[in-house]
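This one's a predicted model, so the numbers in the text were calculated from it and none came from an experiment. Computed over heavy atoms, backbone and side chain alike; hydrogens, waters and symmetry mates excluded. Just so it is clear: chains get the letters A, B, ... in the order the sequence lines come, proteins before strands, and each one is counted from 1.
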Number of protein chains: 2
Amino acid sequence: MYRPPILTVDGLIFRHNDGKLELLLIKRKAEPFAGTYALPGGYGSHGQTTQQAMDTILIRKAGLNLKQLEYLEQLYTFDMIGRDPRGHAVSVTYFGILKNAKPKVSSTTESPQFFDIQSLPPLAFDHKTIINYAITRLQAKLSYTNIAVAFMPTHFSLPQLQSLYESILDRKLDKRNFRKQIKAQDLVKETDELLREGRHRPARLYQFTNKRIDTLHF
Amino acid sequence: MYRPPILTVDGLIFRHNDGKLELLLIKRKAEPFAGTYALPGGYGSHGQTTQQAMDTILIRKAGLNLKQLEYLEQLYTFDMIGRDPRGHAVSVTYFGILKNAKPKVSSTTESPQFFDIQSLPPLAFDHKTIINYAITRLQAKLSYTNIAVAFMPTHFSLPQLQSLYESILDRKLDKRNFRKQIKAQDLVKETDELLREGRHRPARLYQFTNKRIDTLHF
DNA sequence: ACAAAAGTGTTAAGAATACACCCATGT
DNA sequence: ACATGGGTGTATTCTTAACACTTTTGT
């Protein structure tokens, strides 16, 4: 009789908030690693695609459903010995982006919480490895896709967009070169609105020219 | 009681032979799609990593084991309704490269055979989609990794290397620019051997400077 | 001597980088 | 009036692309 491996699904939900790149974590209630932070995840069941499983799990653990995400792609499938108390498990991971302006939904079932990527708490399982993998992928995609679209609200200033790039790439960019490149790609178009938010010159607001996100996952 | 989904594993084994990019297919013996060509694949079992499963399946279906491959990476995990007669299945796919000079091992269990990428037979399941995905990935990796190393024999001429690039990218490249770029990356070094193979000037043989293949999978 | 593939450099255009000052606002 | 972040242009280097003739061999 055929006995398949345990299949789990884990989600990496990012957002850009307050100039920082943030990741959604939950605090585990069950053993192993009870009380430790972890990626929201759970078991996939027969008759369900892994994406459907991801959806149910995110709703249960973080009060968030996939339709609220601006972007979702499969990240990688990790199979590691000792991930699961019941033995070897295969985990399909998904990488999602929550748009900045969206309501920050979260039931408190497992105290879902966004953490700045720069200061993550200790993590359960091999989740730190998975997160590093996701960030490297995100950095790579930033250069050859318009994935930035997924993070930004519909109207945004170029300094805000630059802040997104900087928090993902984890380095400062030259303001003039950044603006020149963004404009050269014609990724964005001007609006006639301004954003006033301090005792300094207001920023012009832009919107993206095409809202579709390139869907090449490499 | 928890019932996991069916888990399958499929392999995409490429090689570069006779100036063409080739892919390993087997002819299915069982239903569904009996008699149709397909990627070598099968079920993953409890207590086995997907990579171990890939190994046993390749041995059984094509008389080839993973250690004979020059390169292996995970490609993607497809879950599609109707892939499996027993219902919904999740398939983890691996992408492998067989070095040119390697013995072309193959038991005839399921008549494993290499096909030119340019003229593939009709394929079972959604395997055509998976293959297209793999080729796109391979094309992308060619530009930012030294994955070409995996295809070439230890000693090779630059025209042979160019032929590999051309068969993967499916377009002609300029000879002078190609050689300049390869040399600029210092990917290769000259040997003092020559390859004579026709009534024309012999080609100088080269070897790769570092045999390690970059292992960034993006 | 000729056919056939190997080998070789230069120029032009475009992309990426470095860099410093003026502008519009709130207090 | 001043502090704060928003906004703008040019020069240089590096990268990419286009392009044609000579060399060495086997027959």
Side-chain angles (χ1 to χ4, degrees), chain A residues 16-20 100 139-146 148 152-153 155-207, chain B residues 16-20 100 139-146 148 152-153 155-207:
Chain A
H16 181 242
N17 190 244
D18 196 20
K20 293 190 292 293
N100 190 303
Q139 290 172 338
K141 298 197 73 143
L142 201 56
S143 65
Y144 62 87
T145 71
N146 63 346
M152 302 304 289
H155 289 204
F156 55 89
S157 69
L158 295 187
Q160 283 171 340
L161 185 61
Q162 182 173 346
S163 149
L164 171 67
Y165 274 73
E166 290 179 340
S167 56
I168 292 174
L169 299 175
D170 195 22
R171 62 190 169 91
K172 290 285 173 205
L173 300 176
D174 180 273
K175 205 199 316 186
R176 280 174 291 190
N177 292 339
F178 178 77
R179 298 167 81 97
K180 197 193 309 168
Q181 285 172 56
I182 294 296
K183 285 170 179 173
Q185 295 172 52
D186 48 31
L187 194 62
V188 300
K189 58 168 183 276
E190 275 191 23
T191 70
D192 49 9
E193 295 163 71
L194 296 177
L195 174 66
R196 317 183 115 78
E197 53 166 6
R199 48 183 211 163
H200 56 80
R201 179 171 174 174
R204 158 134 288 129
L205 290 175
Y206 289 77
Q207 33 186 183
Chain B
H16 182 242
N17 191 242
D18 196 20
K20 294 190 290 292
N100 191 303
Q139 290 172 337
K141 297 197 73 144
L142 201 57
S143 64
Y144 62 86
T145 70
N146 62 348
M152 303 302 289
H155 289 204
F156 56 89
S157 70
L158 293 188
Q160 282 171 341
L161 184 62
Q162 182 173 347
S163 149
L164 170 68
Y165 274 73
E166 290 178 341
S167 56
I168 291 174
L169 299 175
D170 195 21
R171 62 190 169 91
K172 290 285 174 204
L173 300 177
D174 179 273
K175 205 198 317 184
R176 282 173 290 188
N177 292 339
F178 178 77
R179 299 167 79 98
K180 197 191 312 169
Q181 285 171 57
I182 294 295
K183 286 171 179 172
Q185 294 173 52
D186 48 29
L187 194 60
V188 299
K189 57 170 182 276
E190 274 193 24
T191 70
D192 48 9
E193 296 164 70
L194 296 177
L195 174 67
R196 318 182 114 79
E197 53 166 5
R199 49 182 210 165
H200 56 79
R201 178 170 177 174
R204 159 135 287 129
L205 291 176
Y206 289 77
Q207 32 186 185

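- Between the CD atom of Gln181(B) and the P atom of dT16(D) there is a distance of 6 Å, rounded to whole Å.
- Side-chain nitrogen and oxygen atoms of Lys180(A) include none within less than 4.0 Å of the OP1 or OP2 phosphate oxygen of dC19(C).
- Distance Phe156(B) CZ to dA6(C) C1': 16 Å, rounded to the nearest Å.
- Put simply, the side chain of Val188(B) does not reach to within 4.5 Å of the side chain of Gln207(B), judged on heavy atoms.
- We find the OG-CG distance between Ser163(B) and Leu173(B) to be 10.0 Å, quoted to the nearest 0.5 Å.
- Counting non-hydrogen atoms under 4.0 angstrom, Arg204(A) reaches the backbone sugars and phosphates but no base.
- At a cut-off of 3.5 angstrom, the base of dT25(D) holds no donor-acceptor pair with the side chain of Arg199(B).
- Atom pair Arg176(B):CZ and dA20(D):P shows a separation of 8 Å (rounding to whole Å applied).
- Side-chain atoms of Arg179(B) stay outside donor-acceptor range of the base of dA6(C), with no qualifying N/O pair under 3.5 Å.
- Counting only heavy atoms from C-beta on, Pro159(B) has its side chain closest to dA6(C) among dA6(C), dT8(C), dC19(C).
- At a threshold of 4.5 Å between non-hydrogen side-chain atoms, the residues Leu205(B) and Ser157(B) count as touching.
- Of all nucleotides listed (dC19(D), dT25(D), dG6(D)), dG6(D) comes nearest to the side chain of Arg201(A).
- Contact check on Glu166(B) versus Arg171(B) returns no salt bridge, with no Lys/Arg side-chain nitrogen under 4.0 Å from an Asp/Glu carboxylate oxygen.
- Taking atom CD on Glu190(A) and atom P on dG7(D), their separation rounds to 9 Å, with Å as the unit.
- dT25(D) atom P lies 13 Å from atom CG of Leu195(B), rounded to whole Å.
- The nucleotide whose nearest atom lies closest to any side-chain atom of Asn177(B) is, among dA18(D), dA5(C), dG5(D), dA18(D).
- Atoms NZ (Lys172(B)) and C1' (dA18(D)) sit 18 Å apart, rounded to a whole Å.
- What separates CZ of Phe178(A) from P of dT8(D) is a distance of 14 Å, to the nearest Å.
- Of the N and O atoms on the side chains of Gln185(B) and Gln181(B), not one donor lies less than 3.5 Å from an acceptor on the other residue.
- Comparing Leu194(B) and Lys175(A) by the nucleotide of DNA chain C whose heavy atom lies nearest to each, the residue mapping closer to the 5' end is Leu194(B).
- Taking atom CD of Glu197(B) as the reference point, atom P of dA3(C) lies 21 Å away to the nearest angstrom.
- Annotation: of the two residues near DNA chain D, Arg196(B) and Asp174(A), the 5′-most nearest-nucleotide partner is Asp174(A).
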